[in-house]
Amino acid sequence: MLRKHPYFALWALLAGLIVLDFVGVQFGQIADQRVGDVLQRQLATQRPAHADIVVVNIDQKSLEELAADAGRWPWPRSIHAELIDYIAAQKPQAIVFDLLFNERDVFRPEHDEALRTAAQQANKVYFPYLTLSDGEATPIKDLPTQLGILPQAIFDKDAKAILLLPWVLNPEQWQGGTINFNADSDGIGRYYSIDQNIAGWQIPSLPARLARDFNWPIPQTERMRIHWQTQRQHISYSDLYQAANREHSNRSMNEFTDKIVIIGTAAPGLQDLRPTTMGPLYPGVDILATAIDNLKYQDWLIESPRAPYGLLALLLCGLLAWGFTRGIHTLRLALALSVSSGLTLGLMWLGLTHNYYLPLISSLLWAWAYFWLAALIAYWAEKNSREHAVALFSRFLDARVVKQLIASGDIDLSQVAQSREITVLFSDIRGFTSLSEKHDPAAVVQLLNQYFTLQVDIIFKHGGTLDKFIGDAIMAFWGAPANDAEHAQHAVAAAIEMSAALDAFKQQLSDIEHFEIGIGLHTGPAVVGLIGSASRLDYTAIGDTVNLASRIEGLTKGCARILVSDATRAACDASAAPFEFIGHGQHSVKGREQNVLLFEPKEKAL
């Protein structure tokens with residue numbers, strides 16, 4: 001079954017792996033993700049961030065410029081308190097920190113107190129915390145409600161969680177959510193958590209906390225796929241801090257009115273750079289800002305489930321299997337699959353522009369995997385077919401001609417026998433039985449081999465096809481498998497040269513006196529092709545044309561060494577062949593009611 005239908009057998013094999021991929025192990029998902037990353041990076045350059053979400057960046061410049069006033073990092077919390085006061089005076093929608101305040105400053109408690117006071121007065125300041133996998137667990141029911149942790153319909157009242165909380169602040173100021181980095185299996189961040197469920201307790205992310213406080217719609221999933229943006233406004237922390245401490249600020253006093261101001265760091269030394277779709281070192285503060293932006297403007301990517309796209313992979317592979325089985329050229333299939341790939345990428349791009357993420361790439365990769373495996377099978381099948389054709393047809397034609405005919409497509413083992421206009425030649429040795437009786441069998445075989453080698457070379461020289469040896473007779477024809485408009489002329493030329501070669505050959509025979517041949521030719525239609533059983537095929541010609549050529553050869557005895565039919569003569573005249581034909585009258589042929597007009601061909605004298 002595999003040998004009979006190898007392409008569908010390959011499809012069945014890959015179908016099992018495709019099902020395993022799309023509904024099981026998901027090992028092809030990484031391809032979807034990586035190509036999706038490339039497309040999203042390209043699209044992000046065309047998606048400017050909204051102007052009302054601003055990042056105040058603790059960049060390297062800020063670390064250097066504030067070193068004199070604030071010292072080395074971490075700075076005293078009073079620095080942040082001053083900035084909160086300055087920003088809060090402009091009535092922003094919210095001030096969001098992307099900095100953890102989990103350790104109190106035991107040496108400078110007054111600075112922590114300044115931060116607590118500023119946060120209390122501003123009243124719209126959000127602080128982050130983390131969920132951890134290791135550490136001391138805290139009963140969730142004992143945590144302050146300001147964290148935004150809510151019990152669901154079914155929850156464990158004794159559940160505990162390991163949290164890294166903002167202990168610098170008072171518990172009533174713990175307004176915020178988690179900022180855990182959400183990485184896929186390859187370590188790349190493409191999502192932001194919405195809520196984390198621990199024993200029925202809903203722990204919100206910082207973006208989700210803002211969304212609930214400001215009544216923004218929230219996706220009904222545990223995490224959302226980030227729709228990346230560029231060109232977000234970044235303000236250096238040091239520039240803003242210095243403006244806040246001037247008697248007359250050089251900045252607009254409503255710069256942050258009704259805006260969400262996110263304070264975080266992109267300085268390389270502060271280690272808040274993460275691998276994301278946008279690059280291997282992407283600032284965590286920008287991840288947070290983009291997630292907040294996506295939620296506020298309902299701009300996140302809606303992710304289509306991956307499993308249904310397994311049907312697409314099965315369909316593409318099935319279509320390719322059908323194409324290979326039907327014998328469609330491999331290059332045509334490759335072109336069709338390339339066009340499909342381009343359309344698929346275009347569809348993914350279109351989906352992204354409409355906030356949909358379509359995981360189509362792995363389906364394409366499975367199709368390409370099938371294509372290359374099937375192409376390899378086709379190559380080996382073609383290679384074996386060519387080798388078989390060369391081996392088969394080299395018995396009938398010059399091997400060099402066979403290779404040319406196969407390359408041009410004139411020889412096709414799958415092609416059925418068909419009717420062709422050909423010229424058939426029969427050549428027979430006169431008195432072979434008597435010759436065999438008078439000489440040693442080994443000598444007779446050697447003589448035949450020498451004679452046949454000589455005559456077959458001439459047949460091949462003139463483009464003829466050797467059909468078979470019938471005892472001491474040779475059957476050959478012209479006009480197949482290669483198309484030859486002048487097959488009659490070439491056949492007659494071969495017959496004349498065969499006659500001349502016989503004369504030269506006879507001069508080399510010292511102990512054989514009588515060695516003569518007859519050659520008969522006829523032109524007409526015949527069925528030509530591979531004919532025989534499944535275990536034994538021969539390329540041959542059958543039909544009345546073959547029978548008549550054999551009968552004409554039988555009439556040469558006592559008449560002429562070479563005789564051709566009127567049809568062969570007419571075909572040569574039509575091609576202006578350099579022969580003249582001597583008429584030998586009409587002859588009765590066994591099996592035919594009408595007499596046959598025969599001619600002896602001669603080369604025209606120069």
Side-chain angles (χ1 to χ4, degrees), residues 1-2 5-40 152 154 180 182-198 200 218-227 275-277 300-325 333 336-352 354-377:
M1 188 67 172
L2 178 62
H5 302 289
Y7 301 114
F8 285 109
L10 176 62
W11 179 87
L13 175 63
L14 284 190
L17 295 175
I18 289 170
V19 172
L20 184 63
D21 176 17
F22 283 88
V23 299
V25 206
Q26 304 286 334
F27 47 79
Q29 187 176 35
I30 187 65
D32 293 321
Q33 301 285 34
R34 292 298 174 87
V35 175
D37 289 346
V38 174
L39 294 177
Q40 282 189 262
Q152 301 303 290
I154 300 175
N180 291 74
N182 198 311
D184 287 333
S185 58
D186 59 351
I188 304 299
R190 301 180 178 92
Y191 297 84
Y192 212 101
S193 292
I194 298 298
D195 297 306
Q196 185 176 355
N197 190 295
I198 297 180
I218 299 178
Q220 300 303 307
T221 54
E222 289 188 358
R223 62 179 190 169
M224 69 173 180
R225 192 176 187 100
I226 299 173
H227 205 173
T276 70
T277 294
W300 63 84
L301 284 175
I302 300 170
E303 190 163 20
S304 179
R306 185 168 177 267
Y309 294 97
L311 296 175
L312 176 61
L314 292 173
L315 176 62
L316 289 173
C317 292
L319 289 173
L320 288 170
W322 175 83
F324 276 104
T325 302
L333 292 174
L337 190 53
S338 297
V339 171
S340 299
S341 300
L343 291 174
T344 299
L345 289 172
L347 185 60
M348 285 187 69
W349 179 270
L350 183 64
L352 290 174
H354 289 78
N355 294 1
Y356 283 92
Y357 173 78
L358 306 176
L360 291 166
I361 292 302
S362 54
S363 298
L364 273 182
L365 290 182
W366 278 113
W368 278 109
Y370 179 90
F371 171 82
W372 287 114
L373 290 172
L376 185 61
I377 292 174

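Just so you know, these numbers use all the heavy atoms, side chains as well, and skip hydrogens, waters and symmetry mates. Numbers here are sequence positions counted from 1.
Within 6.0 Å of CD in Glu222 there are 12 or fewer heavy atoms belonging to other residues, nucleotides or ligands.
Residues Tyr357 and Leu352 form a side-chain contact, since some pair of their non-hydrogen atoms from C-beta on lies under 4.5 Å apart. Between Asn182 and Met224, the closest side-chain pair of non-hydrogen atoms is not below 4.5 Å.
Proximity of a side-chain donor or acceptor of Trp11 to a complementary backbone N or O of Leu314 within less than 3.5 Å is detected. No donor-acceptor distance shorter than 3.5 angstrom exists from the side chain of Asp184 to the backbone of Gly187, with no hydrogens or angles considered. At distances below 3.5 Å, not a single donor-acceptor pair connects side-chain atoms of Arg223 with backbone N or O atoms of Arg190.
Of all non-hydrogen atoms in Leu312 and Ser363, the two that sit nearest each other are CD2-CB, 3.9 Å. For Leu365 against Ala31, the heavy-atom pair with the smallest separation is CD1-CB, 3.3 Å. Heavy-atom minimum distance, Leu301 versus Ile226: CD1-O, 3.7 Å. Here the shortest heavy-atom pairing between Trp366 and Leu14 reads CZ3-CD2, 4.0 Å.
Remark: Thr221 OG1 to Glu303 CD distance equals 9.0 Å, nearest 0.5 Å. To the nearest 0.5 Å, atom CG of residue Leu343 and atom CG of residue Leu360 are 11.5 Å apart. Annotation: the span from Met348 atom CE to Leu364 atom CG amounts to 9.0 Å, rounded to 0.5 Å. Here the straight-line distance linking atom CD1 of Ile18 with atom OG of Ser362 works out to 9.5 Å at 0.5 Å rounding. Rounding to the nearest 0.5 Å gives a distance of 7.0 Å between CG of Leu337 and CG of Leu316. Atom CD1 of Ile361 sits about 4.5 Å away from atom CG of Leu345, to the nearest 0.5 Å.
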Could you pull out every donor-acceptor pair under 3.5 Å between side chains of residues 368-376 and any protein atom, sequence neighbours left out?
| residue | atom | partner | partner atom | Å |
| --- | --- | --- | --- | --- |
| Trp368 | NE1 | Ser341 | OG | 2.9 |
| Tyr370 | OH | Tyr7 | O | 2.7 |

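Sorted by first and then second residue, the side chain to side chain donor-acceptor pair (under 3.5 Å) pairs involving residues 309-319 (not counting sequence neighbours) are Ser304-Tyr309. Note on residues 362-375: no pairs pass salt bridge (charged side-chain N to carboxylate O under 4.0 Å, His left out), not counting sequence neighbours.
Each of Arg34, Gln33, Gln29 was checked for a side chain to side chain donor-acceptor pair (under 3.5 Å) with Asp186, and the lone residue meeting it is Arg34. When each of Val23, Asp21, Leu358 is checked for a side chain to side chain contact (heavy atoms under 4.5 Å, CB included) with Arg306, only Asp21 meets the rule.
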